[in-house]
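Scroll down for the structure; my scribbles are underneath it.
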Amino acid sequence: MHPVLQTVLGLGLIGVILLVVCRPLGTWLYRVFTDDKHWRVERLIYRTAGVNPDSEQRWTRYAVSVVAFGVASVAFLWLLILVQGWLPWSLGRSQNWHTALNTAISFTTNTNWQSYAGEVGAGHTVQMVGLTVQNFVSAATGIAVAIALVRGLARATAQAIGNFWVDLTRASLRVLLPIAVVGGILLMLGGVIQNLASPTVITTLTGGEQTIQGGPVASQEVIKLLGTNGGGFFNANSAHPFENPTAWTNLLEILLVLIIPFALTRTYGLMIGDRRQGRLVAIVMGTLFAGAALLTAWAETAAATLQTGSMEGKEQRFGIAWSVLFGTATTGTSTGAVNSMHESYSPLGGGLLMLNMMLGEVSPGGVGTGLYGILVMAIITVFLSGLMVGRTPELLGKTIGRREITYAALASIVMPALVLTFTAISLVLPTARDALLASGPHGLSEMLYAFTSASNNNGSAFAGLSADQPWLNLTLGLCMFVARFAIITFTLALAGSLAEQHRRPATAGTMPTHTPLFGVLLIGIIIVLAGLTFFPALALGPIAEALS
Amino acid sequence: MTVVRPALAALKMLLVLTLILGVLYPLGMTAVGRLMPGRADGSLLVVNGAPVGSSLLAQNATDAKWFHTRPSVSDAAGDTSGGSNLGPNEPDQAQAVADRVAALRAENPDAQGPIPADALTASSSGLDPHISPAYAEWQAMRVAKANGLPISLVRSLIAKHTAYPALGFIGTERVNVTELNADLADPTGAIGR
């Protein structure tokens, strides 16, 4: 079957399953975050940690809590990796201080960029106690921030936007954990390993030696995808047969990536009391996702120039179509898992995967980050179209004034500023240039991809880059940290500012934000903003390579 | 004070959640894995009580009597997984493909037609156990001669280990080389799975 047709059918299947699953899941998320009661185990957690679950926070305290939790997580994980030599089940694996710092920031910020190879850098204890935990709580943090922003839109003349500790705990225990248990068991049934064995060397049928890896993989694999994290247990990530053995597990993994980002659009609609708004956001996300997948499938088939086709860096069981669908799902969210090596894609195919991230990851974006990312874009769209027709811009009865547009603009400028600044600096530094595998335009793409990935908290790579060196570990770590927490702070400031406002009644002059017209405008703004920012850089990398 | 309190709360929350999500959850899932040890331990192929490989992993084979998997940058050693990361326009990639073409032509003088693409390109894990049916057929004559088996028997073994995409589009047509070689090694079927 032609890979493009296969991609179309795959998109159809994924779309149908998402339609079925995301309705109840979105409703469940709505109930979780509007529930007045605490579960008993949750009360126990709040009491142990000494937080009051019934006092809501203003945006400033909410933001301080998020950042404090992030900093505590980085410190704990960094320490855990540095001392892993003394811990059981560490298998003699280790990382030096700057690799460990990069890893700690990476997993805490939901990026999961990996300068280390799983098979040599992380023993089972670090994988479970450190990395699996951050896979849960960094995702829960993203969901919490998105819910806080939606509360800002839903409330009027309110000071508070929720309680971070409650949102974090509920997202972890009521949403992520149950799905992870079910999904993890399904992955095991599909052949993903789950044990605490050390690597063992066997003599193969064909007379050679082979190391058979062990590890608690399924429990980490499922949350790696469900939480749009992406850090592989093994170096080859979801291309490794022990992480992703069959076409079925591959389909399940794609669905795990997409369900929460799409379900949150329904939660959004329910929370603001207008489901049409959520539906429009879902359609915009889905359109961008399907468009990107089809273009990449076309690039990988038609534009692949060699007699060898484009199977380099792809697995036979996935082929072109299911590699492209996985790649689009993971770069359009903040997942960064790979089931094929993105650096070996055709120039335009690899460029499109990079572009998914450059759009700000809104197709459909990471858990929580996708929703708050696209709502920031919606605010910018409302503002620009308000300017065009000379009306006061408003979203859901909230005026988009000087304060709101300032926060939205700041939130959207952090990522491009980091990407372009650090790519440019690194390309003139010999120490960073020496890390490149490729030369010419493909080398530029390699560096651009790295900083795009880090600054979008994605985590996938043009993995030819030898990123395990002080300059890249530290600058990529800085990009991940700043992008994550600066954008969250601006988003929460926006939430606080919106919550304070009255709600204006809709009039004949109000621009509706649930119509196809607004959808087209929103897609246009997303593409134009990314295009204006990144076209020059893309022209020097993937586009130059495709044309040469 | 305003910084100390949230910092302490953050640390305590982290530790409590670590207990649930980093200890109880993965160990509980590992216990569930014990209910299906065959799958949870890596789908091992066992001969006389000793594992000789995994159905999910490619094995390095250079001898003409075995079916060969796709090129692997790690020779399927299993200690570190990964691909070449070479772009399609890299000189190193052109060289690697040219070398593979020469080696395959020399080893398979009887092979008919162009070399299938999956035979010339390294997989992303380096452990890909599958090849296309076209590549299996392309090697069939060499394997039949090296083992002294009739080509029809080799072809029927290929057919036995060929899987098709569910509903015609979920996945790809593929031949599991590790299981195919296990059958070649053991026509009487003593190998347990």
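Per chain, numbering begins at 1; letters A, B, ... match sequence-line order. Atom set for the values below is all heavy atoms of this structure, side chains included, hydrogens, waters and symmetry mates excluded. Given the structure is predicted, the values throughout are model-derived calculations rather than measurements.
Both the backbone and the side chain of A:Glu545 have a heavy atom closer than 4.5 Å to some heavy atom of chain B. A:Val222 touches chain B through its side chain: at least one heavy atom from C-beta onward sits under 4.5 Å away, while N, CA, C and O do not. If you measure heavy-atom distances from A:Ala180 to chain B, the contacts under 4.5 Å come from both the backbone and the side chain. With a 4.5 angstrom heavy-atom cutoff, A:Trp322 touches chain B only via side-chain atoms. In this structure, no portion of A:Asn250 lies under 4.5 Å from any heavy atom of chain B. Both the backbone and the side chain of A:Ala463 come within less than 4.5 Å of a heavy atom in chain B. If you measure heavy-atom distances from A:Leu187 to chain B, you find no contacts under 4.5 Å at all. Only the side chain of A:Leu173 has a heavy atom closer than 4.5 Å to any heavy atom of chain B. If you measure heavy-atom distances from B:Ala76 to chain A, the contacts under 4.5 Å come from both the backbone and the side chain. With a threshold of 4.5 angstrom between heavy atoms, A:Gln213 approaches chain B through side-chain atoms but not through N, CA, C or O. Heavy-atom distances place the side chain of B:Met36, and not its backbone, under 4.5 Å from chain A. Heavy-atom distances place the side chain of A:Leu177, and not its backbone, under 4.5 Å from chain B. No part of A:Val71 comes within reach of chain B, as not one of its non-hydrogen atoms sits under 4.5 angstrom from that chain. Interface remark: A:Met1 contributes side-chain atoms only to the contact with chain B (heavy atom separation under 4.5 Å). Proximity to chain B (any heavy atom under 4.5 Å) is shown, for A:Phe164, by neither the backbone nor the side chain.
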If you apply the rule side chain to side chain contact (heavy atoms under 4.5 Å, CB included), what do you find for B:Leu86 with A:Glu343, and how did you get there? CA-CA 7 Å; B:Leu86 291 170; A:Glu343 179 149 15; over 6 Å; no
Assess whether side chain to side chain contact (heavy atoms under 4.5 Å, CB included) is satisfied between B:Arg70 and A:Met311, documenting all intermediate values. CA-CA 10 Å; B:Arg70 299 179 56 197; A:Met311 280 305 284; 3.9 Å; yes
Pair B:Val52, A:Thr203 - check side chain to side chain contact (heavy atoms under 4.5 Å, CB included), show working. CA-CA 6 Å; B:Val52 294; A:Thr203 303; over 6 Å; no
Going through the distances and angles, do B:Arg34 and A:Asn195 end up as a side chain to side chain contact (heavy atoms under 4.5 Å, CB included)? CA-CA 8 Å; B:Arg34 292 308 89 202; A:Asn195 57 50; 3.4 Å; yes
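Side-chain atoms of A:Gln134 and B:Leu14, non-hydrogen and from C-beta on, do get closer than 4.5 Å to each other. Between B:Ser124 and A:Val338 the shortest side-chain heavy-atom distance does not fall below 4.5 Å. A 4.5 Å side-chain heavy-atom check between B:Leu17 and A:Leu168 finds at least one atom pair inside the cut-off. Contact of the A:Phe76 side chain with the B:Leu15 side chain is registered, since non-hydrogen atoms from C-beta on lie closer than 4.5 Å. Side-chain contact check for B:Met29 versus A:Met188: some heavy-atom pair is nearer than 4.5 Å. Looking at heavy atoms from C-beta onward, B:His130 lies in side-chain contact with A:Arg317 at the 4.5 angstrom threshold. For the pair A:Glu312 and B:Leu120, the minimum side-chain heavy-atom distance is 4.5 Å or more. Contact of the A:Gln316 side chain with the B:Pro129 side chain is not registered, since no non-hydrogen atoms from C-beta on lie closer than 4.5 Å.
Contact count against chain A (heavy-atom pairs under 4.5 Å) is highest for B:Ala77 among B:Ala61, B:Ala77, B:Pro71, B:Ala163. Of the listed residues B:Leu167, B:Asp118, B:Leu127, the one with more heavy-atom pairs under 4.5 angstrom with chain A than any other is B:Leu127.
With values rounded to the nearest 0.5 angstrom, B:Leu57 atom CG is found 8.0 Å from A:Ile202 atom CD1. In this structure, the separation between CG on B:Asp41 and CZ on A:Phe242 is 9.0 Å, given to the nearest 0.5 Å. Atom OG of A:Ser65 sits about 10.0 Å away from atom CE of B:Met13, to the nearest 0.5 Å.
Formation of a donor-acceptor pair under 3.5 Å by the A:Gln194 side chain with backbone atoms of B:Pro37 is not found in this model. Between the side chain of B:Gln59 and the backbone N or O of A:Glu209 there is no donor-acceptor pair closer than 3.5 Å.
Looking at A:Glu119 and B:Ser81, their side chains do bring a donor and an acceptor atom within 3.5 Å of each other. There is a side-chain donor-acceptor pair under 3.5 Å between B:Ser125 and A:Glu315.
Each of A:Val129, A:Leu176, A:Val137 was compared with B:Leu21 under the side-chain contact (heavy atoms from CB on, under 4.5 Å) criterion, and only A:Val137 meets it.
Ring planes of B:Tyr25 and A:Phe136: perpendicular class, angle over 60° (limits at 30 and 60°).
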